[in-house]
Structures are given as C-alpha cells and as structure tokens.
Number of protein chains: 2
Amino acid sequence: MLKISELAAKTGLTAHTLRFYEKNGLISASNRSPAGYRYYTESDVRRAEFVKTARNIGFSLDDISQLLSIRVDKTSHSCQEVTDITRHKLDEVNEKIKELQSMQQTLNILLDSCCGGPELATQCSIMEALDEGEVRNQRNKHKKLEKQK
Amino acid sequence: MLKISELAAKTGLTAHTLRFYEKNGLISASNRSPAGYRYYTESDVRRAEFVKTARNIGFSLDDISQLLSIRVDKTSHSCQEVTDITRHKLDEVNEKIKELQSMQQTLNILLDSCCGGPELATQCSIMEALDEGEVRNQRNKHKKLEKQK
DNA sequence: GTTGACCTTAGAGTAGACTCTAAGCTTATA
DNA sequence: TATAAGCTTAGAGTCTACTCTAAGGTCAAC
Ligand SMILES: [Zn+2]
Ligand SMILES: [Zn+2]
Ligand SMILES: [Zn+2]
Ligand SMILES: [Zn+2]
C-alpha cells in the first residue's frame with residue numbers, strides 16, 4: 001500500500017493532481033488509514049498508470065473517464081466503443097493540426113515578406129498585410145466546423 | 001460614425017467582444033454620444049479590422065497589443081520588432097504542431113491495432129496498450145521544453 | 001515531547017478569450 | 001406615448017486541467 005506521495009513519485013503526477021483526479025472520479029484510494037490517509041493498492045497503482053498513459057497521449061480527462069469505465073468492465077463493452085473514443089480524439093487532433101498549419105503558412109509568408117532589419121516599421125510589409133486584411137487564413141473556417149458538431 | 005452593433009456587423013466580432021477588447025486596451029471608440037453610446041470613426045474601424053485579421057492568424061491578444069503599439073507609432077519601431085513577434089508566434093505554432101503530430105501518430109498506431117468491431121473489449125489491444133504504458137509518445141518532452149523558456 | 005515531514009479538507013486562484021446577466025437608460029418607429 | 005430594439009455598466013460565469021493556500025491533524029525519529 002502506497003501513500004499519496006509515494007504514488008505521486010511512482011507515477012510522476014503530483015499529490016495535488018492525484019487528489020484532483022479523485023475529486024473528478026478518475027482515481028481513488030481503495031483504503032484509508034484510521035486517520036484518513038489515502039492508501040493505494042497495486043490495482044490503484046495500475047489504474048493511475050493507465051490514466052497517466054492516456055493523459056500523455058493527449059486524451060482529455062473526460063475521454064479518460066470513459067476509457068476507465070470500459071476498463072473496469074470490459075465484458076460490457078466492445079472494441080468499437082474504444083475505437084470511437086480514439087477516433088474522435090484523432091479527429092480533433094487532425095483538425096487542430098490543420099488550423100495550426102494554416103497559421104504556420106501565413107506566418108511564414110509574413111516573415112518572408114519582411115526584411116526583419118533595423119529599418120523603421122513605416123513600410124513594414126507585415127504591418128501592411130495586417131492592415132489590409134489580405135492575409136490568407138483558414139482558422140475561422142476550422143473554428144466553425146468545430147462548433148457544428 | 002458607427003454604433004457598436006454596426007461595427008460588430010462590419011467586423012464579424014460581437015458587441016460583447018468589442019467591449020471586452022476595449023477593457024483590454026485593444027480597440028476603443030473615439031467618440032461617445034451624450035448618452036454614452038460608443039461611436040466608432042473610420043480609423044477605429046481600421047484598427048478593429050487589424051485586430052480581427054491578427055486574431056484570425058492566431059496571434060494572442062497580448063501579441064496584438066504589441067502589434068498595435070507599433071502600429072500607432074511606426075517611426076519608433078523597427079521591422080525587427082515586428083518579425084520578433086511573428087517569429088515567436090511561429091515558434092509556438094511549430095511546437096504545438098510537433099506535439100499534435102506525436103499524438104496523431106500514437107492514435108493512428110492504436111487504431112491500427114484494434115479491430116474496432118463489436119467484439120468484447122476484454123482483449124482490446126488499445127486497452128492493453130494503455131494498461132502497459134507502452135505507447136510511444138513525446139508530449140511530455142514537448143511540454144517540458146515549453147516551460148524552459 | 002518536540003521537531004519536521006507528511007497528511008487532511010474546502011475552497012480560491014490561474015491562464016486565455018470570451019460570453020452572459022442584471023438592471024437600467026436611449027432611441028427610432030408606429 | 002408606448003413598444004421594442006439597442007445601448008450602458010460592473011461583474012459573474014465558462015472551459016480545462018491543474019495549482020496553491022490555509023488551517024489543522026498525524027507520525028516517525030531523536
Ligand atoms: Zn523591413
Ligand atoms: Zn517589416
Ligand atoms: Zn477488437
Ligand atoms: Zn480493440
């Protein structure tokens with residue numbers, strides 16, 4: 001049985017975060033000492049490591065909650081449910097990558113157009129582009145798509 | 001002179017957002033009616049459009065504040081200051097893209113490994129991978145790099 | 001028996017960019 | 001003149017995932 005700081009050391013999460021996760025239903029200690037100290041079993045540790053791994057991949061705490069409820073009763077859930085969560089996350093990631101690549105392209109175009117030197121900004125082509133609004137961009141398009149869900 | 005809702009219609013920002021931007025020093029109305037209604041001049045409109053464009057590209061409100069202070073007095077600023085802001089944003093964007101691509105790769109590997117069908121999740125390889133923590137990932141590496149700044 | 005490290009809780013604070021509410025004026029139109 | 005649309009403000013709420021604080025209880029060691 002591990003105390004909270006031991007679990008923290010083992011998982012790389014902080015004790016604060018572990019309590020926060022407990023408050024949000026992700027991980028709780030199977031046992032408490034008479035004084036109320038949390039004591040984590042081996043099974044709790046495995047659950048915490050699952051959470052850590054899923055979080056590292058980029059799953060939201062909400063996604064992780066869903067994965068955890070599948071995990072505790074695998075016979076009531078299908079592979080499809082697992083891939084649905086995973087695919088949904090992948091869709092989000094792909095969408096964000098597109099947005100960022102659009103920004104990246106725009107920023108590169110802006111940087112290419114400006115000398116970047118000690119000259120006064122009076123004729124800076126970046127400032128001109130921003131003033132004229134003629135900067136290619138698709139961020140809003142993506143944002144709107146995002147909200148249609 | 002435009003009222004706030006007219007400027008909102010023209011820029012695609014909401015009246016709420018325009019007031020919020022004013023509170024944060026980005027855009028304010030040059031004039032007010034005797035009753036206190038905001039009245040925006042042509043120059044205010046151009047400033048608002050600048051903000052909109054910069055925001056669409058992905059600049060933070062803080063970045064935009066800096067760009068605006070260059071904009072109002074270009075003779076006191078250099079192209080280099082403009083490119084510094086732009087390059088810094090580009091660095092952030094590149095960093096985020098890397099993180100997301102790492103997630104993307106991991107998620108794709110997971111999806112490839114699972115049948116995604118109606119089978120029980122008892123032997124789901126995604127669940128197994130999460131349980132074993134053997135999922136390639138670099139998100140934390142990126143996070144740490146981010147914080148070193 | 002006291003020091004110091006560790007534990008508990010409820011609850012507040014953080015970041016970024018809005019988003020909305022309440023309560024009350026103002027203005028244009030019918 | 002009445003109705004509705006639109007404007008004002010301060011300030012609270014939203015979202016995510018923590019992060020920290022205050023005030024106090026516990027425990028092993030010396
Ligand atoms: Zn230049
Ligand atoms: Zn320039
Ligand atoms: Zn399967
Ligand atoms: Zn599966």
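Protein chains get the first letters and strands the later ones, always in sequence-line order, with residue 1 at the start of each.
Rounded to whole Å, the distance from CD1 on A/Ile4 to P on C/dC6 is 13 Å. With rounding to whole Å, A/Leu13 atom CG is found 14 Å from D/dA17 atom P. A straight line from CG of A/Asn56 to P of D/dC18 spans 10 Å, rounded to a whole angstrom. Put simply, NE2 on B/His16 is 13 Å from C1' on D/dG11, counting in whole angstrom units. The nearest whole Å value for the distance from the CG atom in B/Leu18 to the P atom in C/dC18 is 10 Å. Following rounding to the nearest Å, A/Leu7 (CG) and C/dC7 (C1') show an atom-to-atom distance of 14 Å. For the pair B/Phe20 CZ and D/dA10 C1', the interatomic distance rounds to 15 Å; values are reported in whole Å. Here C/dA5 presents its P atom at 17 Å from CD of A/Glu6, a figure rounded to the nearest Å.
Between A/Tyr21 and D/dA17, a side-chain N or O to OP1/OP2 separation shorter than 4.0 Å is absent. Regarding contacts with the backbone of C/dA10, every side-chain N or O of A/Arg19 stays at 4.0 angstrom or more from both OP1 and OP2. When the side-chain nitrogen and oxygen atoms of B/Ser5 are compared with OP1 and OP2 of D/dC7, one or more of them lie within a distance under 4.0 Å.
Heavy-atom distances under 4.0 Å link DNA chain D to B/Arg32, B/Gly36, B/Tyr37, B/Arg38 of residues 28-40 of chain B, given in residue order.
A cation-pi arrangement is absent between B/Arg32 and B/Tyr39 under the rule of less than 6.0 angstrom and at most 45 degrees off the ring axis.
A/Thr75 and A/Asp73 form a side-chain donor-acceptor contact under 3.5 Å, judged by distance and modelled atom types alone. Using modelled atom types and a 3.5 Å distance limit, the side chains of A/Asp63 and A/Ser60 yield a donor-acceptor pair. Side-chain contact, A/Asp44 with A/Thr41: a donor N or O sits under 3.5 Å from an acceptor N or O. Side-chain atoms of A/Thr17 and A/Thr14 form a donor-acceptor pair, as typed in the model, at a separation below 3.5 Å.
Proximity note for B/Leu61 (side chain, C-beta onward) versus D/dT21, C/dA17, D/dT8: the nearest is C/dA17. The side chain of A/Lys23 has C/dG11 as its nearest neighbour among C/dC18, D/dT8, C/dG11. With distances taken from any side-chain atom of A/Lys3 to the nucleotides C/dC7, D/dC18, D/dG6, the minimum falls on C/dC7.
A/Glu22 has a carboxylate O that lies under 4.0 Å from a charged side-chain N of A/Arg38, or vice versa, which qualifies the two as a salt bridge.
A side chain to side chain donor-acceptor pair (under 3.5 Å) with B/Asp131 is found for exactly one of A/Arg47, A/Arg71, A/Arg46, namely A/Arg71.
B/Ser60 comes within 4.0 angstrom of the backbone, heavy atoms only, and of no base.
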